[in-house]
Number of protein chains: 2
Amino acid sequence: MTQSVRTRLSPAERREQLLDLGVRLLATRSLDELSIDLLAEEAGISRGLLYHYFGSKHDFREAVVRRAADDLIAQTAPPVDGEPEERLLVSMAAYLDYVVANYEGYLSLVKGAASGNAALRAIYEEARAALTDRIFREDAGNQILPDTPAVRLVVRGWSAMTEELVLTWKVEPNGVTREELIGILAGSLRPLVEATLLQP
Amino acid sequence: MTQSVRTRLSPAERREQLLDLGVRLLATRSLDELSIDLLAEEAGISRGLLYHYFGSKHDFREAVVRRAADDLIAQTAPPVDGEPEERLLVSMAAYLDYVVANYEGYLSLVKGAASGNAALRAIYEEARAALTDRIFREDAGNQILPDTPAVRLVVRGWSAMTEELVLTWKVEPNGVTREELIGILAGSLRPLVEATLLQP
DNA sequence: ACCTCTTATTGAACGACTGTCAATAGGTAG
DNA sequence: CTACCTATTGACAGTCGTTCAATAAGAGGT
């Protein structure tokens, strides 16, 4: 991988190469093991060049995480037609399949977000908001999901539950099938909201 | 804070002092901002001494997180008598109050666990297992919660939801009262499990 | 083919931090 | 008061993030 000859790319190409490499490395290492040293060596460039394209290590990580989040949102876009319940099922399936297919990378995204950095957290929040806002949008007229603070809160909690369930199931399915899990995920939202609305 | 004179404590005392200081600092800084330098200066000792008591930075962090987790478990112990539903309510209230009172520290615990390190993750898992196992134990005879893989999975998800809701609510209550939140948390477990059992 | 100029790229240097270890000194037993 | 045990120190080596003046790749003009 060590490049003896200095190759000169256009800024756009180099930036792309470094971001792609960053996302790819995220599947093997965790976010804070993604050192400048490692990345420079793996890309066959000097450490200095990274600072030319991304101001700091944090900025680079932020760009990598943002790209990973964009991938997630793009690849789990819900279908535009069909019944609300059906679309929710398809959404859940897409999310589940994405996480299973990109397990390590997704884990790095989640960990990175939780790891304190405000910028990373914001990207993560944004991605999850994009996923849950779809649900409110899918429910035209807010018949299933009235838009109250408590319901917003519960939908957010349901997102966290979904994430936890999918990540856990990926590691230990324990006999639960993919279809069962999707059914549980999609089928739990309505009872949760109803239970919330029953609160005095 | 700089100690001009070298004070010699018994190993037990020094260990205790350092751990306490570590937990206290966790309320201000995040886990990976808890450097050896900072801690040594704050404690008025040399960096070397920290390595005498804890083999490495990771070991020290692990000890600090373990202490924080033990605190959480001890302070949220459920009452031994009363109806199951009532005990669940009291448990939830204790958990909520603990998180609100120790918000920053609890956040550091959660972040630390998510941050990749296997040892930290294990401590966190252990703490959460202690919290959820209580629920299964409270439900004598497993009338509400049959002990199946799917139900185990959902209870785990419900834990994640609970954590998310409490942390979010602490920052943005949005008009939801403490009692409402506790009601939502405690009242959501049964519907969730029932919806799960309905899955074909 | 050669030259020129822009700018992508380098590598040395600095500071902050983790980790190691032989030397030092506090306190206690005798 | 002395001697010994060991808690504690401080200096040193290695790693990593970050900066910046110097270098050379490659395109465009002649």
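Please read all numbers here as calculations on a predicted model, not as lab measurements. Values below: every heavy atom of this structure, side chains too, minus hydrogens, waters and symmetry copies. Naming: A, B, ... by sequence-line order, numbering from 1 per chain.
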Does anything in residues 150-192 of chain B pair up under ring pair (Phe, Tyr, Trp, His ring centres under 6.0 Å), and if so which pairs, sequence neighbours excluded? none
Partners passing side-chain hydrogen bond (donor to acceptor under 3.5 Å, both in side chains) against Glu85(B) (at least two apart in sequence or in another chain): Arg190(B)
Quick one: Leu50(A) CG to dT19(D) C1', roughly how many Å, whole number? 14 Å
Which residues pass the side-chain hydrogen bond (donor to acceptor under 3.5 Å, both in side chains) test with Glu62(A), not counting sequence neighbours? none
If the cut-off is 4.0 Å, is Tyr51(A) near the phosphate of dT18(D), judged by side-chain N/O to OP1 or OP2? yes
Rounded distance (Å) that lies between atom P of dA7(D) and atom CD of Gln17(B): 15 Å
Please report the distance, rounded to the nearest Å, between CD in Glu33(A) and C1' in dG17(D). 17 Å
Between Thr132(A) and Ala129(A), is there a donor-acceptor pair closer than 3.5 Å when you use the side chain of the first and the backbone of the second? yes
Roughly how many Å is it from CG in Asp32(A) to C1' in dG17(D), rounded to a whole number? 14 Å
In residues 16-25 of chain A, what donor-acceptor pairs under 3.5 Å come from side-chain atoms, sequence neighbours left out?
| unit_1 | atom_1 | unit_2 | atom_2 | d |
| --- | --- | --- | --- | --- |
| Glu16(A) | OE2 | Arg67(A) | NH1 | 3.4 |
| Glu16(A) | OE2 | Arg67(A) | NH2 | 3.0 |
| Gln17(A) | OE1 | Arg14(A) | NE | 3.0 |
| Gln17(A) | OE1 | Arg14(A) | NH2 | 3.3 |
| Asp20(A) | OD1 | Arg67(A) | NH1 | 2.7 |

On DNA chain C, check which nucleotide each of Gly55(B) and Gly48(A) is closest to and give me the residue with the more 5' one. Gly48(A)
As a check of understanding: the bend across the helix from dA1(C)-dT30(D) to dG30(C)-dC1(D), end axes from five pairs, rounded to 10 degrees, works out to 10°
Please classify the nucleic acid contact of Ser10(A) as base, sugar-phosphate, or nothing, using heavy-atom distances under 4.0 Å. nothing
Rounded to whole angstrom units, what separation is found between the CZ atom of Phe54(A) and the P atom of dT18(D)? 14 Å
Under the rule for side-chain contact (heavy atoms from CB on, under 4.5 Å), what residues qualify as partners of Glu86(B), not counting sequence neighbours? Glu83(B), Leu89(B), Val90(B)
Just call it for Tyr53(A): base, sugar-phosphate, or nothing, with non-hydrogen atoms closer than 4.0 Å on any strand. sugar-phosphate
Under a 3.5 Å distance rule, please check whether Asn117(A) uses its side chain to pair with a backbone N or O of Leu120(A) as donor and acceptor. yes
How close or far is atom P of dT9(D) from atom CD1 of Ile45(B), stated in whole angstroms? 7 Å
Partners of Glu13(A) by side-chain hydrogen bond (donor to acceptor under 3.5 Å, both in side chains), sequence neighbours excluded? Ser10(A)
What are the atom names and distances for every N/O pair under 3.5 Å that joins the protein to nucleotides 13-16 of chain D?
| unit_1 | atom_1 | unit_2 | atom_2 | d |
| --- | --- | --- | --- | --- |
| dC16(D) | OP2 | Asp37(A) | OD2 | 3.2 |

Those residues at least two apart in sequence (or on a different chain) that pass side-chain contact (heavy atoms from CB on, under 4.5 Å) with Arg128(B) are Glu164(A), Tyr124(B), Arg156(B), Ser159(B), Ala160(B), Glu163(B)
Test side-chain contact (heavy atoms from CB on, under 4.5 Å) applied to Tyr51(B) - qualifying residues, sequence neighbours left out: Ile36(B)
Rounded to the nearest Å, what distance is computed from the CD atom of residue Glu41(B) to the P atom of nucleotide dG10(D)? 13 Å
side-chain hydrogen bond (donor to acceptor under 3.5 Å, both in side chains) with Arg66(B): which residues, sequence neighbours excluded? none
Hey, does the side chain of His52(A) come within less than 4.0 Å of dA8(C)'s phosphate (OP1/OP2), counting only N and O? yes
Leu49(B) CG to dT6(D) P, straight-line distance once rounded to whole Å: 16 Å
Working for salt bridge (charged side-chain N to carboxylate O under 4.0 Å, His left out), residues Arg178(B) and Asp97(B): CA-CA 9 Å; Arg178(B) 172 178 175 278; Asp97(B) 292 341; 2.9 Å; yes
Which letters describe nucleotides 22-30 of chain C, given B = protein heavy atom under 4.0 Å from base, S = only from sugar-phosphate, - = neither? --BBBS---
